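Contents: one structure, followed by commentary.
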Amino acid sequence: MDQKKFYITTAIAYTSRKPHIGNTYEIVLTDAIARMKRMEGYDVFFCTGTDEHGQKIEEIAKEAGITPKEHVDKISGEVRRIWDAMNTSYDYFIRTTDDYHEKVVQKIFKKLYEQGDIYKSEYSGMYCTPCESFWTESQLKDGCCPDCGRPVKPAKEEAYFFRMSKYQDRLMKHIEENPDFIVPESRKKEMINNFLKPGLQDLCVSRTSFKWGIPVDFDDKHVVYVWLDALTNYITALGYDPDHIGENYKKYWPADVHVIGKDILRFHTIYWPIFLMALDLPLPKQVFGHPWLLFASDKMSKSKGNVIYADDLVKLFGVDAVRYYLLSAMPYAQDGSITYEMFITKYNAELANTLGNLVNRTVAMANKYFGGEINAASTENELDEDLKNTALSALSGVVASMDEYKTADALQKIIALAQRSNKYIDETMPWALAKDETQQARLKTVLSNLMEAIRYIGVLLLPFMPDTSASILEQINAPGSDLASLETFGTGAARKVGTAKALFARLDEAETMKKIDAEIVQPQIAAAKAEQKSEEKPEGVAMIGIEDFAKVELRAAKILTCEKLKKSKKLLKLMVNDGEGERQVLSGISQWYAPEDLVGKTIVLVSNLKPAKLCGEESCGMILAADCPNDDVKVLFLDDSIPAGAKIR
C-alpha cells in the first residue's frame, strides 16, 4: 500500500527586513503540523522560502547603497538562520531569485498571455509601495491603503492585466462545493462578502516603473508583478514546468494546506486558485489563514522597544520554550498576544512548575527508591484507572486538535495530563509509601504508572518541542517514541530509567526583566533613535522660496461643532467659521481629541487647500497640528482674542 502524501507550505517571507516573532510563528506552526503528520505515517513535503522581488526591495537597496540582490541575499540568509534556530524541519527552501523559479514564471506568464488570460493595457490609480498593491479611490480607507493604513501615491503606467472576472463564478462554485477550502470559517466569509460578491477587477501582473523583478521575456520593458511571481513558488518548488512536469509535482501536488497569515488571505484564496484554474491545474485542498501575534494589543514598533525577535528569546529561554509559547498562546481564529512578562509567567507555571517538576521528581524517586528499576504500568484502583484514561484521552485529543491545526488545544491536553500526573503524586504520596515495607509493590506500581504517563507526554510533545521530547524519553528510557506505541497504556517490559535532569529552571521575573531591558529593549530603542536621527538630514529637506510659501493661505478659524465620523476610526468632522462663512473640515485626530474638547477653540486653518473626499465626506481645508514625542499629536490653538478669518503670515 502506498504511503499517504502530505504537502504543506508556509507563505514565503518577504525579504524587506529581518522577521520578528510574529512572522516566526508561522514557520513554527507549520513545522508542528508537519511533524505530527510524519508521526501519523504520512510522507510529508514541507516547503518554505523567501519572496525577493518588488519595488520596495529595490528602494531599500538603493537607500543602503547596495544592489537588490545583495540585500535579498542578506535577508534571505537571516530568515533561513532563524528558521533553523527554531528547529524547523522544512524539506525545501525556495527563493524567488532561484534561476529555475524565474524561468518557469516567465513560461507561465507567456502561456497565460498566449491563451488570452493576460492582456496589455494601462493602469491609473493609487499605489501602496509597502503592500505592492494598486487601489482605486473608492477602495482607500481615510485616503490611505486599506490593508496597511500607510499613504498611497498616484500611479499611471503601462501594464499587463489578468482577467480575474473570467474565473469568478468558477471560484465561487469551488468554495461552495468545498466548505473546508478556506479556514477558519470567519476568513471564508470575509473573502466571499468583501471580494467575490462585489465582483473581481482585473489584476495588474506586470510593472514598468522599476526593474527588480522577473523580466517579461517577450516585452522586456515589463517585470512580472509580485503575486504572479510569488504565489507560483508552491509549484515551482516541486519542479513544475509548463513544458515538463517534475516528479515531486506529480507526487505531492495539490498541496494539502497552505499555512498563511490572515493579511494575505485574499491573494491565496482568490488570485492563486484563479491562476491555477487558468493553468488547468488542481487547486490546493485547503488554505489556513492564521491570526497575528501582537505585542500586548499593539503592533510591534522599534521606537517603542517592543519588537521581539525569536533569536533573542531563544538566547534567554531556549528554543523549545519559545516554540511552546508560540504554539500554546496563539488562539485558532483570534489574534494572540505576547509580552516578556506573559512569556515568563507561562514559562514558570507550565514548563518549570508543571512539566519540568513532574519529570524531575518522578525520575528522581524511581532512582532513589528502586535504583531506577520500574515495571510495566498496571492499574489497581480508580486513581490508576483515571490516570490511564487521561493519558489515552490526551492521545486522541491531541491528534484530533492537530487535524484542525489547533495547536493551543493540543498542548492544553498535554499539560492537562502533566497536571493530572502531579495530582496523582499528591494522591498516592510515594514518599509515604516508601516508609512502609508492606507498600513496596504499590509504590512500584505508582511510579510505573507515572513513568507511563510521562512517556505519553514525551511522545506527544514531539511535534511541538522536539528537544524536550527527546530529553524526556531519554530520561525515562522509553520503549517507544511514535504514536503507535501509545495505543495501549502499559506497554513495555520492566526497565531501568536514566538520570533526572532539569528540563526548565524556574525564572526570577524581576531579574529576568532587568536583563531583557538591558540586553534587548534599551539597545532596540537606542538603535531606533539613531536610525531616526540619521534620516533627519538637513540636505533631505526640500527648500522652497518665499513665493511658494506665499501660495499657502493660513487663517484663524473657530470650531463651531465637532463629531466623530461614523465610517472612520481616525477622522473627526468639524464645522468651522473662517471669517467668511462656515465650512466642513475632516481631521485625523480622533485618537488624541474628544469632539467636545474642541468646540469653541480657535485653530490655524489652511484655507486654500483643494477640497478632498474622505470616506464619502468632503473636507475643505486642513487643521495645523504638531507631531510630538511618544506618537502624540497637538493641535495648534490660537488665543481666543484672535478673530475668525484673521490671516496668519
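None of the values given here were measured: they were computed from a predicted structure.
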Nearest non-hydrogen partners of E40 and L483, listed with the distance: CG-CD1, 3.6 Å

Between R506 and N357: side-chain donor-acceptor atoms closer than 3.5 Å: no

Min side-chain heavy-atom separation T15-R95 under 4.5 Å: no

Side-chain donor or acceptor of D320 paired with backbone N/O of T468 under 3.5 Å: yes

L313 side chain reached by Y309 side chain, heavy atoms, under 4.5 Å: no

Nearest-0.5 Å distance, CD of residue E487 to CG of residue D482: 8.5 Å

Exam field: side chain S76 to backbone D73, donor-acceptor pair closer than 3.5 Å: no

Pair F317 and Y325, ring centroids less than 6.0 Å apart: no

Donor-acceptor contact below 3.5 Å, side chain Q419 vs main chain T354: no

Where S448 and A376 come nearest, the two heavy atoms and their spacing: CB-O, 4.1 Å

Min side-chain heavy-atom separation K514-E511 under 4.5 Å: yes

N/O donor-acceptor pair under 3.5 Å between T512 side chain and D508 backbone: yes

Contact check, side chains of F464 and L326, non-hydrogen atoms, under 4.5 Å: no

Point-to-point distance, once rounded to the nearest 0.5 Å, from CD of E519 to CG of D312: 9.0 Å

Minimum heavy-atom distance I33-Y405, with the two atoms named: CD1-CD2, 3.5 Å

Residues that E177 engages under salt bridge (Lys or Arg N to Asp or Glu O under 4.0 Å), provided they are two or more places apart: K173

Side-chain donor-acceptor contact under 3.5 Å, T97 with E52: yes

Rounded distance [0.5 Å steps], OH in Y240 versus CD1 in I235: 5.5 Å

Within 45° cone and under 6.0 Å: K285 NZ/CZ vs F181 ring: no

Residue pair V459, M39: steps toward the side-chain contact (heavy atoms from CB on, under 4.5 Å) verdict: CA-CA 10 Å; V459 173; M39 289 180 74; 3.8 Å; yes

Test of ring centre spacing under 6.0 Å for Y234 and H258: yes

Presence of salt bridge, R420 and E427, under 4.0 angstrom: yes

pair W272-L283: side-chain heavy atoms closer than 4.5 Å: no

Check: L507 main-chain N/O paired with N348 side-chain donor or acceptor under 3.5 Å: yes

Lys/Arg N to Asp/Glu carboxylate O, R187 vs D180, below 4.0 Å: no

Interatomic spacing from OG1 in T9 to CD1 in I260 - rounded to 0.5 Å: 9.0 Å

Gap separating the CG atom of L293 from the OG1 atom of T24, nearest 0.5 angstrom: 9.5 Å

Y90 and D84 side chains, donor-acceptor separation under 3.5 Å: yes

Residues, nucleotides or ligands: over 12 heavy atoms within 6.0 Å of Q334 CD: no

Side-chain H-bond candidate by donor/acceptor type, H101 with T236, under 3.5 Å: yes

Reference residue D335; test side-chain contact (heavy atoms from CB on, under 4.5 Å); the match among M330, K262, H290: K262

K188 side chain vs P179 backbone, donor-acceptor pair below 3.5 Å: yes

S469 side chain to M465 backbone, donor-acceptor under 3.5 Å: no

Y7/F46 under ring-ring contact (aromatic ring centres under 6.0 Å, His included): CA gap, chis, key distance, verdict: CA-CA 6 Å; Y7 180 34; F46 170 15; 9.7 Å; no

Contact summary for G41 and Q3, nearest pair of heavy atoms: O-NE2, 2.9 Å

Main-chain N/O of L447 paired to T362 side chain as donor or acceptor, under 3.5 Å: no

P273 vs F275 side-chain heavy atoms within contact, under 4.5 Å: no

D241 vs K103, salt bridge (Lys or Arg N to Asp or Glu O under 4.0 Å): CA-CA, chis, key distance, verdict: CA-CA 9 Å; D241 184 314; K103 286 172 184 173; over 6 Å; no

L503 vs S471 side-chain heavy atoms within contact, under 4.5 Å: yes

Near-ring test W227/F267, centroid separation under 6.0 angstrom: yes

K5 to Y42, cation-pi by 6.0 Å centre distance and 45° axis angle: no

Distance under 6.0 Å and angle within 45° of ring axis: K406 vs Y332: yes

Nearest-0.5 Å distance, CG of residue L265 to CD1 of residue I270: 8.0 Å

Heavy-atom donor-acceptor pair, S396 side chain to S393 backbone, under 3.5 Å: yes

Nearest atoms (heavy-atom pairs only) where A391 meets Y456: O-CD2, 3.5 Å

Over 12 non-hydrogen atoms of neighbours within 6.0 angstrom of NZ in K74: no

Stepwise salt bridge (Lys or Arg N to Asp or Glu O under 4.0 Å) test for D256 and K37: CA-CA 11 Å; D256 290 271; K37 288 298 178 183; over 6 Å; no

Derivation and outcome, salt bridge (Lys or Arg N to Asp or Glu O under 4.0 Å), residues R442 and D436: CA-CA 10 Å; R442 176 61 186 158; D436 186 344; over 6 Å; no

Closest approach of Y340 to I308 (non-hydrogen atoms, all atoms of both residues): OH-CG1, 3.6 Å

Stepwise side-chain contact (heavy atoms from CB on, under 4.5 Å) check, Q475 with T499: CA-CA 6 Å; Q475 287 187 52; T499 305; over 6 Å; no

Step-by-step salt bridge (Lys or Arg N to Asp or Glu O under 4.0 Å) determination, D31 to R35: CA-CA 6 Å; D31 181 66; R35 286 178 182 270; 2.8 Å; yes

Short side-chain to backbone donor-acceptor contact, T407 and L327, under 3.5 Å: yes

